Amino acid sequence: MNQVRVRFAPSPTGSTHIGTARTALFNWLFARKEGGVFVLRIEDTDKERNTQEALEELIDGLKWLGLDWDEGPGKEGDFGPHFQSKRNDIYAQYLKILKDKDRVYEKDGAIYFKLEGDRFTEYDDYLKADVEKVKTQPVVIEDIIRGKVTRREDRDFVIQRSNGDPSFHFVNVVDDIAMKITHVIRGEDHLSNTSKHIELFNAFGVEPPKFAHLPMILKNPKEGKGKMSKRDKGALISEYRERNFIPEAVRNFIALLGWSPKDGQEVFTIEELTSRFRLEDVQKGGARFDEQKMSHLNFEYMKAMPIQAYVQIGKRSLAKSGLIEEPVDKNYLTAVMKLCQEKIDSFENLPGFASYFFSDQYAISEKAENKVMKKEGAIDRLEELLPRLAALQNWTQTEIDSAFNQLADEKQLKPFAWYPIVRFSVSGTNSGPDFLPMLEALGKERVLNRLEMAITKYH
RNA sequence: GCCCCGUUCGUCUAGCCAGGCCUAGGACACAUGGUUUUCAUCCAUGCGACAGGGGUUCGAAUCCCCUACGGGGUACCA
């Protein structure tokens, strides 16, 4: 069998959509699994809508997700160039083939592909006009995901626009032939186009590749109906980057959009993903985007990260929100990050979760304030505790713990009587990381200062 | 309008092609309880679905038909 060759063929007309990324990922996974070649081809035939920014964002997005291509921009190989805007001579050659076979004609300055079959005129309800139709033989699409799909084209279609640019259907097929593509893996929105493409393959006398049409990614029902659009939350790859999501987690999540292994495993290394991925196991029905699942997966990856990597990303996130600036106390930062790592599911929540470690200007939760500080005896608790903590020689968890316990014993209370009050006094909230480690990390000075301030403030 | 594709817990899905092992399994979310003397972690339990109708069959989530609903296409966009 010939080597598998797949292509990812985006057109750079806007921000990179999560569905686009999934198409790229599935092509990449299939190529890697089959020991094939992953081709990146830029379909930039629509000059009005293409932008350089969109192209850059696309490339950055692929790199961010760890999807490298074997042939494409920067890796020309034997089948370049990989920008359709630079392949006009190739399209001219192929157009000539169709001309020689008498399969094209010109009308209104555009070149049409001529279907084979008896012609007749019929009123078309969609076009609201009489149009010429062709009684063609149906075409069978061999789809790995859907099985055999039978469709029939009944109207000639444009392959070269009147401005001289070749059309999508034409260049898509020509390039798949010229680049020796064996499998076309793309969104279901192309399934209806595929009969046009097969007509073209047939006209060229080339056996069509195998097809696999991926289900659409639909909107969360709360957001409305239809397929996910670029305006929907979570739709753009750039958004995940900006929000400091873990690229591996995003990739993992995207892989699960329409695909899953039989045994239900959900967290994969890229190697596992590659070896387990099968086009046959792709779901037929539309998948719906679920942000909570994305966050959950992100959390799994965050928990599993080596602490150094965690600190690095955490630092970026904290710096961006202005909580820290160079030079940073690496040890302190690392200690704080360790506390956060098992608690929060996204780096975008880090500044909110950990602000009080780095600044005295942290938010005060009114709800927590009412719950904790308005209680009878709250200030007494702080006043009796303060000297005990101040007297500690070593500011360690163990020491702090025994200070609390001693005091609790004397007052015949549980240490729990102090915890929420102290937590609130030093952090402005009643939730957060593990209590004692948090106090240790904050340091004696900060803790004492904040307790004193709380006593003054709530007296 | 016409053509094509689809429809299992709120969500992602397993099971469907090769009908019985399905009183339909897992995950996220949610709820309750537990641990962690705090907590957004962790653990346990619970909640919860075969779109509807007909047919075939001893037996249907699984096969067939109809309906409903959803999606895509029907462009000199890709």
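Side chains are part of it too, since the values below use all heavy atoms of this structure and drop only hydrogens, waters and symmetry mates. Labels below follow one simple rule: chain letters A, B, ... track the order of the sequence lines, proteins then strands, and each chain is numbered from 1. From a predicted model like this one, the values you see are computed outputs, not experimental measurements.
Comparing B/rU41, B/rG6, B/rG15 by their closest approach to the side chain of A/Lys262 singles out B/rG15.
Look at the C1' atom in both B/rU36 and B/rC43: the space between them is 11 Å, to the nearest Å. As rounded to the nearest Å, B/rG70 and B/rG52 have C1' atoms that lie 15 Å from one another.
The side chain to side chain contact (heavy atoms under 4.5 Å, CB included) check on A/Asp263 picks up A/Pro261, A/Gln265, A/Arg276, with sequence neighbours excluded.
Residues from residues 243-259 of chain A that place a heavy atom under 4.0 Å from any atom of RNA chain B, listed by number: A/Leu256, A/Leu257, A/Gly258.
A close approach under 4.0 Å does not occur between any side-chain nitrogen or oxygen of A/Lys303 and OP1 or OP2 of B/rU41.
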Practice problem: Scan nucleotides 25-37 of chain B nucleotide by nucleotide, 5' to 3', and note B when protein non-hydrogen atoms come under 4.0 Å of the base, S if they reach only the sugar-phosphate, - if neither. | Solution: -BBSS-------B
Quiz item: For nucleotides 72-78 of chain B, read 5' to 3', which letter fits each nucleotide if B means a protein heavy atom sits under 4.0 Å from the base, S means only the sugar-phosphate is that close, and - means neither?
Solution: BSBSBBB
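A/Gln341 has its CD atom 13 Å from the P atom of B/rC42, to the nearest Å.
A donor-acceptor contact under 3.5 Å is formed by the side chain of A/Lys343 with the base of B/rC39.
When Watson-Crick and G-U wobble pairs are counted only if both distances are under 3.5 Å, B/rC17 pairs with no nucleotide at all.
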Ignoring hydrogens and angles, write down the donor-acceptor pairs under 3.5 Å from the side chains of residues 296-306 of chain A, residues two or more places apart or on other chains.
{"from": "A/Tyr301", "atom 1": "OH", "to": "A/Asn252", "atom 2": "OD1", "distance (Å)": "2.5"}
{"from": "A/Tyr301", "atom 1": "OH", "to": "A/Phe268", "atom 2": "O", "distance (Å)": "2.8"}

Polar pairs (N or O, both sides) under 3.5 Å between protein and nucleotides 45-53 of chain B?
none

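Within the 6.0 Å centre-distance limit, the rings of A/Phe289 and A/Phe253 are counted as a close aromatic pair.
Within a 6.0 Å sphere centred on NZ of A/Lys367, heavy atoms belonging to other residues, nucleotides or ligands number 12 at most.
Summary of the strand contacts: A/Ile344 and A/Arg152 both lie near RNA chain B, and taking for each the nucleotide with the nearest heavy atom, the more 5' one is attributed to A/Arg152.
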